[in-house]
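To keep things clear, I will list the structure first and then write my remarks on it.
Being a predicted model, the structure only gives us computed values, none of them experimental.
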Amino acid sequence: MSKLLGITLLAALTILSLGVFAADTPLIMGTIDSVDELSFANSWDFYSWHVLQATNSSLLQMSDTLELEGAIAQTWEVSDDGTVYTFHIRPGIVFTDGEVCDANAVKFSLDRTRRQDGPKGAVSLIYVIDTITVIDKLTVQIKIAQPDVTFLLAMTNMIAPSMIYSPKSAPGDEFDLGRYAGCGPYKLLEYVPDQYVKFEAFDKYFGPKPKSRLVIEKHYSDASSLRAALEAGDVDFVFRTLNPEDIKDLKTKPNIIIEEWPPSPGIRYLLFNVTNPPVDNPFVRQAICYAVDRSAIISQVFGGTVEPIYTMVPNVDPPFFGAYPTFPERDLEKAKELLATVGYNEANPLVLSLPYTPTHYGSFEADVATVIAASLEETGVIKVNIEVLEWGAYLGQMASGAFGMYLLGWHPDYLDTSNFIGPWTTDGPESMGTYFNHHPNYLAYKDIMEVARATLDTTKRAKLYQALQILSTQDVPWIPLWSMTDEMITGRHANVHGLRLDVRMTIAIWNIYKD
Amino acid sequence: MSGLLRYALQRLALTVPMILILLTVIFLILRVLPGDPVSAMLGGRPVPPEVLQSYRVKMGVDKPIPAQYVTYIGGVFRGDFGSSMRTSTPVLRELFSRFPATIELAIFGLLVAGILGFSTGIIAATRADRPIDHGIRIFHIASFAMPLFWLGLMFQVFFAVKLGWLPVAGRLGGDVAFTFQPVTGFYVLDAIIRWDGQSLADIVLHLILPALTLGIAMTGLLGRMSRASMLEVLGQDYVTTARAKGLRERLVVTRHALRNALIPIITVFGLEFAVLMGGAVLTETVFSWPGIASYLMRAINARDYTAIQGSVVFIALFISVINLIVDLLYSAVDPRVRY
């Protein structure tokens, strides 16, 4: 009898443990990204923000249809002059440390983050905040320095400095470095640098329950290992970033599903320091604009995994207003004609340098530089010297104004057209190497941007951004080359569901699950 | 004070100027190279020049290089390596947290190299100029000449992707990461301490490919050295005497030749540790191994001055200590060596 009881008990335990194991099997993501720093006031990199997004919430968020919706704030009102925002907080929200999320927590978080303003952080994106006032337990009022149509976007969880966290767990005036309690869909269980980040679903999350209770994101050092991990089944899905060649190859594998999610919010540009000869001459820049061969870059370097772009902002309307394909298609004759007007010909060629950085944008940057150089040299009037500089040196040279023509990329911080144009024009042209603030037309761009940021009417705002882009095709301080759709590619096994990317580029791990 | 202790202290004292020279060289190289650490830290974001300058002041990189040097050296001697510009965490804390991963890989790599190199070298020496000797010598040359990253990638493709026997990279599998509780950071040891069989199996499986890659890369030199050393010893008069006495060949080799053949091999073994740290940079990168070498690689890419300086000093100190241990081991192996 006791033997039978023992066997029954053992069988029951086995079944129970199998059941628990099955329910707790973690979802495993692979990536080559890594955390720089898990701090609200001192981080500004894609992956650190991804971890913060999974574990924290903001007053607002972007819906799956790319519209603004409430998160911690249930509703909000804006004053007539557009400078006072009143947020009504959803009752009953708690942080993972058990503290209640109320107006005081909102004020504490935003004030603390603004006060810390770390050198690597993005607090500048909420500099516009003037004062934060607690009206009552569930009402908070934010006054901004001047009207800004992008302010509500800056209050979404796309931006780390806008995230709300528990006053109880925040470490004094030091940066958080992962020591925080948020109220996002997940709580951060553990972060081991260059190994993994572990999440567990937060049971008291105010939004929909995450589809997978346990998630682990494993970090791989390069794209080859990432691909191998997917193929070997070490990970359930991968996001950022597979090699173009691997993508082509993986598409032929029956057990792997490769999905593309265009458009991408990331854009690569050819930029100019408008103060450095010979590219200080607008005719030279226009000629380069006509000569550069986007299709060669796309086919020869990326095997068709990226898309050409002729506008400063992705052509997605909404959320972007004013995308306008103003930059011309390739025309070698036109390029030669323009160069001839400023005295360049086969006997007197235009000699340019093209620096690139070998690893920051992936392993194909040398090929990109080679193809661009070849396409310019096809005019027979341009000679290009390619130079290579490690990222640290590249940035230093760029900011010191040493470059003439160079390559750079941009990902938006929030989904507004201004965030695609501002960095190159008004926000810090010198640190971005364009020195555009020394250009005679700079004030015109600045004025247009300021008016656009204060214009509530979307149609009018779109016209202003279009005007700015038309102007830029004459001045050519930048040439948009391709949209980084290769980053918008995911690979998964057939048993993984709910994986989706959109122009926010947020991988919503809370929607992903496996059979 | 015993001779051995005096010798150890002398060697340790010599480490101080060596580290100081190394620190100075690294410090100067980083300052001479083009590039600005503040721009690198900001990652090419739009920042007004005055803000950029204020960060330079905050980080002290606006000061003259001699002043920066004095501040840095002072910090190092107080045990303060500074904080990483990339992650804001103290460099020393990062290094200590990653040290067990590197050491664990090094120990298993050396184990592979030791077993493969030493045994094949001895076999080749005792069967000199026979087919097996030729085969082993080809293997030694091949293992020495093969690029480490290529070997690692081939192992990944074959054992992980094609056969599915071993994991591709990392130290832990996704499932085990949720249950395993590290104690010391040496995962194999931790799994044994915790008596956690499932984790131990997973950890060992993750160790095999990187250790094999690192070990095979070191096997060539060690194997060739073992063969040469053994051949030389086997030609000595006392070995001939031992044979003449009618001792069996196995006893001649193991009892009489082996210990004397070990002395140059141990020297190589010590030097191999420096090679191993170089190899670890590639192995840790290929296998996403979160050790000191991969930390150094990331620091170099990000122009993270403090992390680079800290890592180099840490690695140099480590190699010095290993070499000292190797020197001290001589006396255990060779009775003629006395300190």
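Both the backbone and the side chain of A/Asp36 come within less than 4.5 Å of a heavy atom of chain B. Residue A/Ser400: no heavy atom, backbone or side chain, is found under 4.5 Å from chain B. Using a 4.5 Å cut-off between heavy atoms, A/Ala399 contacts chain B through its side chain alone, with no backbone atom that close. Heavy atoms closer than 4.5 Å to chain A are found in the backbone of B/Val286, but not in its side chain. At a 4.5 Å heavy-atom cutoff, the contact between A/Val35 and chain B is made by backbone atoms alone. The contact between B/Leu172 and chain A is made by backbone and side chain atoms together, counting heavy-atom distances below 4.5 Å. Contact of A/Tyr220 with chain B is made through backbone and side chain together, with heavy-atom distances under 4.5 Å. When heavy atoms are compared at a cutoff of 4.5 Å, B/Met85 approaches chain A solely by way of its backbone atoms N, CA, C and O. Both the backbone and the side chain of A/Ser225 come within less than 4.5 Å of a heavy atom in chain B. No part of A/Leu230 comes within reach of chain B, as not one of its non-hydrogen atoms sits under 4.5 angstrom from that chain.
With 3.5 Å as the limit, one finds no donor-acceptor pair spanning the side chains of A/Glu217 and A/Thr31.
Taking the centre and axis of the six-membered ring of A/Phe46, the NZ or CZ atom of A/Arg240 falls inside the cone set by 45° and 6.0 Å.
When each of B/Pro167, B/Gly164, B/Ala101, B/Gly170 is scored by its heavy-atom pairs under 4.5 Å with chain A, the top score falls to B/Pro167. Of the listed residues A/Ala393, A/Ala402, A/Gly433, the one with more heavy-atom pairs under 4.5 angstrom with chain B than any other is A/Ala393. When B/Gly152, B/Ser294, B/Ser88 are compared by the number of non-hydrogen pairs under 4.5 Å with chain A, B/Ser88 comes out ahead.
A/Tyr127 OH: more than 12 foreign heavy atoms inside a 6.0 Å radius. Under a cut-off of 6.0 angstrom, the local environment of CZ in B/Phe99 is crowded, with over 12 non-hydrogen atoms contributed by other residues, nucleotides or ligands.
Taking the six-membered ring for Trp and the full ring otherwise, the centers of B/Phe158 and B/Trp165 sit at least 6.0 Å from each other. Ring-centre distance between A/Tyr445 and A/Phe436: below the 6.0 Å cut-off. If you look at B/Tyr187 and B/His206, their ring centroids are not closer than 6.0 Å.
Taking 4.5 Å as the limit, every side-chain heavy atom of A/Met29 sits out of range of all side-chain heavy atoms of A/Val496.
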